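Comments concern the structure below.
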Amino acid sequence: VHKSIDAMHVSTPLADRTCMAYAGSLVAAGRGRAVVTATGADTEVGVSQALMTSTTAIQTPLTRQLSRFSRLVTYLILGLAAGTFALGLVRGESVAYMVTAAVALAVGAIPEGLPAVVTITLAIGVSRMAKRRAVIRRLPAVETLGSVTVICTDKTGTLTENRMTVQSVFCAGEWYAIGPGPVPPPVRACLLAGVLCNDARLGGLGVDGGIGDPTELALLEAASRACPDVIEQAAAMTRLQEVPFSSDLRLMATRHVNSDDSPGIITVKGALEEILTLCPLDDATRVAAERAVSDAGDEALRVIAMATVEVPRDFALTLRSLRSTPLSFLGLQALQDPPRPAAIAAIEACHTAGIDVSMITGDHARTARAIARQVGIPEDDVFSRVTAQEKLDIVRSLQGHGHVVAMTGDGVNDAPALKQADIGLAMGLGGTEVAKEAADMVILDDDFATIESAVEEGRTVFDNLVKFIVWTLPTNFAEGLIVLVAVGLNVALPVLPLQILWVNTVTAVALGVMLAFEPAEPDIMRRPPRTPGTPLISRALMARIVIVGGAMLVGTFAAFIAALRLDLTMDEARAIAVNALVAMEIAYLLTCRSLRGSLRSVGLSSNPWIWVGIGVTVVLQMVLTYVPVMNEVFDTAPLGWIGWILVVLPGPLIYGLATLLKRFLPDPTSRPGLAPRFARRHPPLHQRRP
């Protein structure tokens with residue numbers, strides 16, 4: 001940024017105050033004397049620090065939902081256990097027996113596998129995101145990504161490649177795209193001027209294999225890409241003199257000669273206004289060049305003008321001699337930090353998923369709008385020349401409208417907004433340590449496409465958590481209900497407290513945890529985001545808990561009663577009841593692999609861990625049924641073929657019932673009345689700017 005001593009109005013935006021040099025700035029060229037106006041906490045860096053101190057990190061949606069869910073489950077289970085205990089005492093049961101029954105109900109009803117599954121699922125999400133170049137710093141942030149309704153993204157380096165590239169050349173009144181193929185002579189001359197009047201060089205250890213100014217590197221790369229022999233031609237010429245670039249001149253000139261006796265050549269590059277003063281042009285050519293610059297500016301293209309002239313070999317190049325020598329206008333080279341191709345597709349995917357993408361940048365409005373058009377961001381979702389305080393205000397305003405906000409950033413001034421956002425996303429390549437410390441996640445490649453893939457992983461994490469909850473609550477509900485109904489009917493417990501504890505331990509670890517490994521469903525990025533504030537247990541989930549849990553209760557009692565009527569022993573009847581309960585949980589687990597489609601829609605082999613878990617469960621149930629020590633400890637007995645028929649029969653019935661429920665009950669993650677794009681239920685973002 002070129003600085004000057006010209007005073008500016010106090011209302012001038014922070015980024016446009018060219019008479020101020022802020023703490024942390026680096027002097028790239030020139031010399032001068034400055035007046036210190038602020039130090040420490042009073043500097044703009046200090047303001048960012050104060051905003052960081054006053055900003056508190058907020059709970060993630062998952063944290064809030066699990067907190068409400070835990071309280072609800074706790075109160076419900078305590079109430080049922082107390083009611084069961086009181087009911088038994090009224091019926092004349094002993095205190096010891098009713099304590100056992102109440103404990104059995106609590107053990108059966110508590111989803112004790114949930115904390116482990118939450119942690120494992122989030123950890124798996126962290127691992128998957130790391131493979132996709134996103135590093136999670138705070139574990140709950142994994143799921144937060146799946147709840148996002150608005151992504152506030154920076155422009156440079158995130159939506160663009162952070163690399164200047166020559167897009168086209170304007171010569172002889174026409175624009176020519178730069179790319180492989182034949183190059184017209186006027187374009188070749190313009191490219192040659194860009195190579196000769198240049199202090200950079202390709203190759204070496206610099207960014208993208210070059211050393212020097214990014215703009216000059218872009219000129220070299222364009223010539224190398226479109227006309228490689230121009231590089232060879234320039235290398236055969238010797239530079240003798242130069243007029244170096246300065247902010248006052250706004251141009252650079254060099255004088256070159258060949259090894260033969262041919263005349264020398266002067267090449268000049270710089271701002272069109274300066275080049276036009278050196279080139280005698282007719283009005284039509286001048287107007288065409290100025291119009292080309294204006295059109296390029298509307299597309300966020302930076303334009304550099306080129307000119308040349310042949311001179312005697314002994315010509316002395318100075319600023320004075322340059323201004324007294326008429327030059328030939330060659331044309332314009334239009335440069336841009338191009339959008340990342342992957343970012344365009346990623347933004348489209350976010351829009352399909354019902355997620356708003358808002359560009360918040362410190363760049364000029366014209367540049368921001370042009371890039372926004374190219375990547376598919378509506379202009380009313382673009383904020384330009386934004387300060388640290390304004391970024392923070394935008395995030396708070398969106399959160400006040402009920403949005404879950406993801407915020408990207410790389411600088412110190414981004415840190416307050418990163419901390420305030422529901423999930424802060426710092427840039428790993430160009431980000432400051434302050435931004436990374438304030439963020440929940442670091443994007444290693446600074447690419448917006450990585451954010452979109454991380455959102456997909458976040459949705460998958462939440463999906464898998466819901467799948468586990470949809471599976472575990474009906475099964476736990478059934479286990480607790482077995483005790484409650486047995487006490488209420490004053491009959492023997494089909495499943496003893498120790499047996500319930502066994503079932504819980506085996507199935508939670510060997511079956512439920514395996515749902516954490518489910519891959520993303522094909523339509524996961526075609527669904528709208530979850531409505532913020534919606535409880536974890538929806539009405540559809542509550543209905544499924546009651547229906548499936550009730551069916552498992554009936555299936556367990558039916559198997560137990562049928563065994564007794566076949567004159568089997570009490571231990572055999574309970575072994576049948578325990579195994580039937582586990583068989584129903586296995587059948588129901590398979591239906592929970594997809595909350596919308598059939599087992600075939602997700603693929604039988606897409607999650608091999610499910611089958612490993614089922615195999616382990618079957619082996620453990622065989623141990624419980626046939627090992628004498630286990631028979632003695634758990635009050636079970638070996639079963640014959642009749643017993644296994646009673647065990648297997650309820651499973652297919654549960655599978656069929658759960659599959660049927662998918663047709664008549666909305667899936668537990670759907671939200672009735674949700675618009676295709678949640679953000680459009682509120683005013684456009686630009687109307688909500690603080």
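Throughout, numbering of the chain's residues begins at 1 and tracks the sequence. This one's a predicted model, so the numbers in the text were calculated from it and none came from an experiment.
Among pairs with a residue in residues 113-159, none fulfils ring-ring contact (aromatic ring centres under 6.0 Å, His included), at least two apart in sequence or across chains. For residues 402-411, the set of pairs meeting the salt bridge (charged side-chain N to carboxylate O under 4.0 Å, His left out) definition, not counting sequence neighbours, is empty. For residues 334-347, the pairs satisfying side-chain hydrogen bond (donor to acceptor under 3.5 Å, both in side chains) are T160-D337, with sequence neighbours left out.
Taking the charged nitrogens against the carboxylate oxygens, D463 and R459 have no contact shorter than 4.0 Å, which rules out a salt bridge. Salt bridge status for K436 with E433: present, with a side-chain N to carboxylate O gap under 4.0 Å. Remark: R133 does not engage D447 in a salt bridge, criterion side-chain N to carboxylate O under 4.0 Å.
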Let me have the donor-acceptor pairs involving side chains of residues 343-350, under 3.5 Å, with sequence neighbours excluded, atom names and distances please.
none

For a quick test of your reading: what N or O donor-acceptor pairs under 3.5 Å do the side chains of residues 467-477 make, sequence neighbours left out?
from, atom 1, to, atom 2, distance (Å)
K467, NZ, E521, OE2, 3.0
K467, NZ, R593, O, 2.9
W471, NE1, E585, O, 3.1
T472, OG1, N476, OD1, 2.6
T475, OG1, W471, O, 3.2
T475, OG1, T472, O, 2.7
N476, ND2, G108, O, 2.8
N476, ND2, I110, O, 3.2

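Not counting sequence neighbours, the partners of E457 by the salt bridge (Lys or Arg N to Asp or Glu O under 4.0 Å) test are R132. Scanning for salt bridge (Lys or Arg N to Asp or Glu O under 4.0 Å) contacts around R302 gives an empty result, with sequence neighbours left out. In this structure T158 satisfies the side chain to side chain donor-acceptor pair (under 3.5 Å) test with no other residue, sequence neighbours excluded. By the salt bridge (Lys or Arg N to Asp or Glu O under 4.0 Å) test, D363 is found to be paired with K155, residues two or more places apart in sequence or in another chain being considered. Not a single side chain to side chain donor-acceptor pair (under 3.5 Å) links T361 to another residue, sequence neighbours left out. By the ring pair (Phe, Tyr, Trp, His ring centres under 6.0 Å) test, W611 is found to be paired with no residue, residues two or more places apart in sequence or in another chain being considered. Take D16 and apply the salt bridge (Lys or Arg N to Asp or Glu O under 4.0 Å) test, not counting sequence neighbours, and it matches R385.
Shown are D356, T149, D422; of these, the side chain to side chain donor-acceptor pair (under 3.5 Å) with H403 is made only by T149.
Put simply, CE on M441 and OG1 on T144 are 10.5 Å apart, with the number rounded to the nearest 0.5 Å. Atom CD in E44 sits 6.5 Å away from atom CZ in R17 (nearest 0.5 Å).
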Could you walk me through whether D381 and V357 pass the side-chain contact (heavy atoms from CB on, under 4.5 Å) check?
-> CA-CA 7 Å; D381 287 356; V357 180; over 6 Å; no
Evaluation steps, side chain to side chain donor-acceptor pair (under 3.5 Å), between Q333 and Q167 = CA-CA 8 Å; Q333 293 198 41; Q167 302 292 310; over 6 Å; no
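Heavy atoms from other residues, nucleotides or ligands lying under 6.0 Å from CZ of R225 number more than 12.
Minimum heavy-atom separation, L418 to T408: CD2-C, 3.8 Å.
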